[in-house]
Student: 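Structure below; questions to follow.
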There are 2 protein chains.
Amino acid sequence: MSNSTPATIEDVARIANVSIATVSRAIHMPEKVANSTRLKVNQAIAITGYTTNAMARSLRLGRSNMILVVAPDIGDPNFSNILIGLENEARSHGYGILIGHTQNDAQRGLEYLKFLNSNQAAGLILFTGILPFGHQTMTARLPPSVGVFEPVFNGGIPYVGVDDIAGARKAIDLLITEGHRKIAFVGDSRTRLAYSRRRMGYEAGLDAAGIGQDLRIVLEGDGTIESGRLAVEQLFMRDTLPTAFMCVNDQTAIGVMIGLKARGYDIPEDFSVTGFDDVPQAVFMTPSLTTIRQPRTAIGKHAMALLLELLSDGEPAETEILLRPDLIVRNSVGAPPRSRR
Amino acid sequence: MSNSTPATIEDVARIANVSIATVSRAIHMPEKVANSTRLKVNQAIAITGYTTNAMARSLRLGRSNMILVVAPDIGDPNFSNILIGLENEARSHGYGILIGHTQNDAQRGLEYLKFLNSNQAAGLILFTGILPFGHQTMTARLPPSVGVFEPVFNGGIPYVGVDDIAGARKAIDLLITEGHRKIAFVGDSRTRLAYSRRRMGYEAGLDAAGIGQDLRIVLEGDGTIESGRLAVEQLFMRDTLPTAFMCVNDQTAIGVMIGLKARGYDIPEDFSVTGFDDVPQAVFMTPSLTTIRQPRTAIGKHAMALLLELLSDGEPAETEILLRPDLIVRNSVGAPPRSRR
DNA sequence: ACAGGTTATGTAAAGGTTTACAGAGCATGG
DNA sequence: CCATGCTCTGTAAACCTTTACATAACCTGT
């Protein structure tokens with residue numbers, strides 16, 4: 001039954017006493033083959049345990065039914081739920097998913113580019129703002145592709161993300177409503193568009209509240225926990241302190257909280273902190289983190305839907321989908337302390 | 001330059017004015033071809049941007065240079081570092097990595113089984129204790145495979161993991177040394193072998209210290225944060241309380257800490273807590289979590305090395321590799337409170 | 001000059017599919 | 001009885017490689 005070498009279409013054909021063409025048709029266009037023949041073929045398939053060689057099929061067809069998801073960092077807490085959204089949507093349309101991990105390494109990206117060039121994937125989902133394929137990028141012949149989180153620089157690739165500006169606005173508005181005037185923004189970054197958009201939301205919120213430039217502090221940070229902690233350290237070298245920290249993402253916020261606690265401050269009594277993303281551990285912090293939630297599963301679902309559209313029509317209905325992020329109020333935000341109000 | 005259809009070996013051959021066989025040789029056995037010819041071919045490759053069609057190559061060769069990593073849960077905080085170990089090792093031997101996510105769903109597993117059956121992957125790394133391929137499992141023709149964390153039930157598949165018993169022993173010994181006598185084990189499970197081994201370490205440590213069965217409490221749990229929290233809730237319905245919680249993994253420990261804090265207790269003043277794994281957030285808990293570290297990158301490296309051995313030799317040097325876990329002392333363990341000692 | 005050996009290249013088959021094309025069988029309608 | 005059309009099936013080419021085998025050119029030593 002389970003031989004050392006897998007059954008081919010020819011084995012099935014021999015047993016069913018038909019030609020290989022008929023077997024192929026019985027599988028992929030059953031209505032084109034007589035009932036009796038289809039029955040024979042199915043029996044032969046059952047006997048041999050035949051399963052069509054996807055590679056040969058893709059080689060012949062020039063396309064596969066796998067979709068490659070390329071991400072720079074699998075460990076990103078934002079990743080796994082989006083992936084589930086992607087998978088469920090793909091699956092219900094007969095596509096499978098494979099994940100490529102680049103670790104932000106162009107060489108690794110190249111590997112996946114070869115994979116794509118061999119038509120081993122019908123489509124591509126990109127988790128980076130840049131095409132991770134080094135200089136080959138420009139000449140690369142990519143399959144239908146969709147970006148997640150951020151537009152892909154090379155252009156022409158639709159993407160789905162979250163309305164970062166609106167999300168940041170919700171955070172800053174909450175802080176202002178609580179009475180904060182001097183609010184630091186932690187995690188400015190020129191490398192990630194999403195981050196600079198969040199900063200735009202910060203600025204817009206302060207503008208709308210008539211809070212002047214002199215009350216604004218923007219601290220560098222790359223979105224890691226460590227960068228949040230460092231930002232706090234830096235800040236305490238300065239003369240004036242904010243009463244609240246609006247962080248570019250949850251990791252940064254966690255770093256900020258660690259830094260503040262290390263100096264003996266209480267949150268939110270002494271300082272308020274907000275994050276962005278609502279990563280799984282946000283709810284388990286002490287205090288639990290007030291943040292902006294990304295609808296991750298929905299992002300995945302929409303991204304894949306867009307890609308599937310591309311795969312059938314050739315033209316996507318829209319080229320940019322921004323989902324609405326939600327404010328999740330927990331316990332890391334309070335009124336500013338009377339003394340420093 | 002970048003045409004709509006990718007260059008084939010034939011395009012290169014035409015431009016270089018040689019046969020396709022020569023092109024193939026120039027690429028894969030350069031020493032077999034004259035210098036001048038090799039030069040011509042390389043130029044032609046540069047002009048066309050040719051990259052060999054991995055699918056056609058694998059079809060012909062009956063093997064690919066990709067390795068499939070199948071994991072039930074990509075979001076597992078243990079996963080990403082192991083993956084990096086796997087990738088680095090694979091890469092340095094000319095193999096690429098693809099990840100399959102099963103979500104513990106047999107149907108999804110089947111997808112990847114087809115992938116394997118088509119020789120699209122040369123080897124398989126399995127992150128589950130069970131082959132995730134449903135009933136087809138028995139007849140499945142698998143490529144060389146290696147398990148991670150736990151032996152694969154179907155048998156015959158070598159694996160690399162951590163010495164769970166020894167690790168658990170380190171945790172329990174620490175608690176005993178601190179003076180704890182009544183220590184609860186949280187997260188008993190019959191489904192995961194690693195977990196039941198950790199429990200064996202717990203029992204062995206208590207035995208060695210001469211602490212009787214009457215002082216032992218074992219609480220069910222599936223390794224999630226929620227299960228840890230629930231275990232605490234259950235426990236407080238009982239008559240006697242432990243002074244320490246030894247948890248089957250960090251997630252459970254986090255849940256226990258949340259449960260204890262919710263009831264107003266201080267850690268480690270009122271209760272001590274240990275985890276297992278040393279997931280990234282362990283260090284960021286308040287108090288930071290004392291736990292057992294899994295050498296994740298090393299696990300990945302060893303697993304891949306084992307697989308590569310299998311791919312070349314056919315026979316692995318060893319069939320089971322258990323790495324030594326380390327005790328990481330942080331702040332969640334202290335002496336039991338005098339009143340309840 | 002030639003047998004024998006070495007080196008470099010080409011020819012063609014094979015790997016497992018899909019599908020255009022052609023052919024066979026049969027029924028229908030005149 | 002024949003032309004027509006329909007349904008079902010088979011033949012063979014194509015997808016892009018790799019490689020066994022054959023061939024050709026050259027060199028070596030006699």
Side-chain angles (χ1 to χ4, degrees), chain A residues 3-42 44-45 48-66 114-120 122 141, chain B residues 3-42 44-45 48-66 114-120 122 141:
Chain A
N3 273 335
S4 63
T5 151
T8 73
I9 202 173
E10 210 154 346
D11 300 327
V12 176
R14 196 174 329 109
I15 294 186
N17 207 19
V18 296
S19 76
I20 60 170
T22 301
V23 175
S24 178
R25 278 189 289 251
I27 294 172
H28 300 290
M29 347 162 57
E31 73 284 359
K32 287 278 180 189
V33 55
N35 282 331
S36 58
T37 326
R38 189 161 2 106
L39 206 67
K40 281 193 298 179
V41 170
N42 286 337
I45 287 178
T48 54
Y50 171 75
T51 139
T52 115
N53 183 317
M55 195 161 38
R57 173 162 220 255
S58 303
L59 175 60
R60 177 64 238 254
L61 260 44
R63 68 188 146 81
S64 84
N65 65 151
M66 285 283 168
K114 280 188 197 167
F115 190 79
L116 293 168
N117 259 342
S118 309
N119 289 323
Q120 287 183 91
R141 199 190 52 96
Chain B
N3 273 335
S4 62
T5 151
T8 73
I9 202 174
E10 208 154 348
D11 300 326
V12 177
R14 198 176 324 111
I15 294 185
N17 207 20
V18 296
S19 78
I20 60 171
T22 301
V23 175
S24 178
R25 277 188 289 253
I27 295 172
H28 300 289
M29 345 161 58
E31 72 285 358
K32 288 276 179 189
V33 54
N35 283 331
S36 58
T37 328
R38 188 158 7 104
L39 206 68
K40 279 194 300 180
V41 170
N42 285 339
I45 288 178
T48 55
Y50 171 74
T51 139
T52 114
N53 183 318
M55 196 161 36
R57 173 162 219 257
S58 303
L59 176 60
R60 177 63 237 252
L61 259 44
R63 71 190 143 79
S64 85
N65 66 152
M66 284 283 167
K114 280 190 199 168
F115 191 78
L116 293 169
N117 260 340
S118 309
N119 289 325
Q120 287 183 91
R141 199 191 51 96

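So that the names make sense, note that chain A is the first sequence line, chain B the second, and so on, each numbered from 1.
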Student: On DNA chain D, which is the earliest and which the latest nucleotide, 5' to 3', with an atom closer than 4.0 Å to a heavy atom of chain B?
Tutor: dC16(D) to dA20(D)

Student: Test of understanding: with side chain to side chain donor-acceptor pair (under 3.5 Å), list the residues that count as partners of Thr51(A), not counting sequence neighbours.
Tutor: none

Student: Kindly compute the distance separating CE (Met66(B)) from OG (Ser58(B)), expressed to the nearest 0.5 Å.
Tutor: 8.5 Å

Student: Counting only pairs under 3.5 Å, give me each side-chain donor-acceptor contact of residues 32-39 of chain A, with atom names and distances, residues two or more places apart or in other chains.
Tutor:
unit_1	atom_1	unit_2	atom_2	d
Asn35(A)	OD1	Arg38(A)	NH2	2.5
Arg38(A)	NE	Pro30(A)	O	3.3

Student: How far apart are the closest heavy atoms of Ala44(A) and Ile15(A), and which atoms are they?
Tutor: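 Smallest heavy-atom distance, with atoms named: CB-CG2, 3.8 Å.
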
Student: What residues, two or more places apart in sequence or in another chain, satisfy salt bridge (Lys or Arg N to Asp or Glu O under 4.0 Å) together with Arg14(A)?
Tutor: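 Per chain and number, Arg14(A) pairs via salt bridge (Lys or Arg N to Asp or Glu O under 4.0 Å) with Asp11(A).
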
Student: Please confirm whether the backbone N or O of Glu10(A) pairs with a side-chain atom of Thr8(A), one donor and one acceptor, at under 3.5 Å?
Tutor: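 Yes; at least one donor-acceptor contact below 3.5 Å.
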
Student: About how many Å separate OG of Ser64(A) and CZ of Arg57(A), when rounded to the nearest 0.5 Å?
Tutor: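 If I round to the nearest 0.5 Å, the distance is 10.0 Å.
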
Student: Which atoms of nucleotides 17-24 of chain C (N or O only) lie under 3.5 Å from a protein N or O atom, and what are those distances?
Tutor:
unit_1	atom_1	unit_2	atom_2	d
dT17(C)	OP1	Tyr50(A)	OH	2.9
dT17(C)	OP1	Asn53(A)	N	3.3
dT17(C)	OP2	Ile9(A)	N	2.7
dT17(C)	O5'	Tyr50(A)	OH	3.0
dT18(C)	OP1	His28(A)	NE2	2.6
dT18(C)	OP1	Arg57(A)	NE	2.6
dT18(C)	OP2	Ser24(A)	OG	2.5
dT18(C)	O2	Arg60(A)	NH1	2.1

Student: Whole angstroms only, please: what is the NZ-C1' distance between Lys32(B) and dT9(C)?
Tutor: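 Computing the Lys32(B):NZ to dT9(C):C1' distance gives 12 Å.
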
Student: Taking Ser118(A) for its side chain and Lys114(A) for its backbone only, find out whether a donor-acceptor pair lies under 3.5 Å.
Tutor: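 Checked: pair present.
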
Student: Nearest 0.5 Å, please: how far is CZ in Arg25(B) from CD in Glu31(B)?
Tutor: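 Spacing of CD (Glu31(B)) from CZ (Arg25(B)) equals 11.0 Å.
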
Student: State the CG-CG distance between Asn53(B) and Asn119(A), to the nearest 0.5 angstrom.
Tutor: 6.5 Å

Student: Closest nucleotide of DNA chain C for Leu59(B) versus for Val33(B): which of these residues is on the 5' side?
Tutor: Val33(B)

Student: Using a 4.0 Å heavy-atom cut-off, does Thr37(B) contact any base of the nucleic acid, only the sugar-phosphate backbone, or nothing at all?
Tutor: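 Answer is sugar-phosphate: Thr37(B) comes under 4.0 Å of backbone atoms only.
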
Student: Rounded to 10°, tell me the angle between the two end axes of the helix from dA1(C)-dT30(D) to dG30(C)-dC1(D), each built from five pairs.
Tutor: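 Result, rounded to 10 degrees: 50°.
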
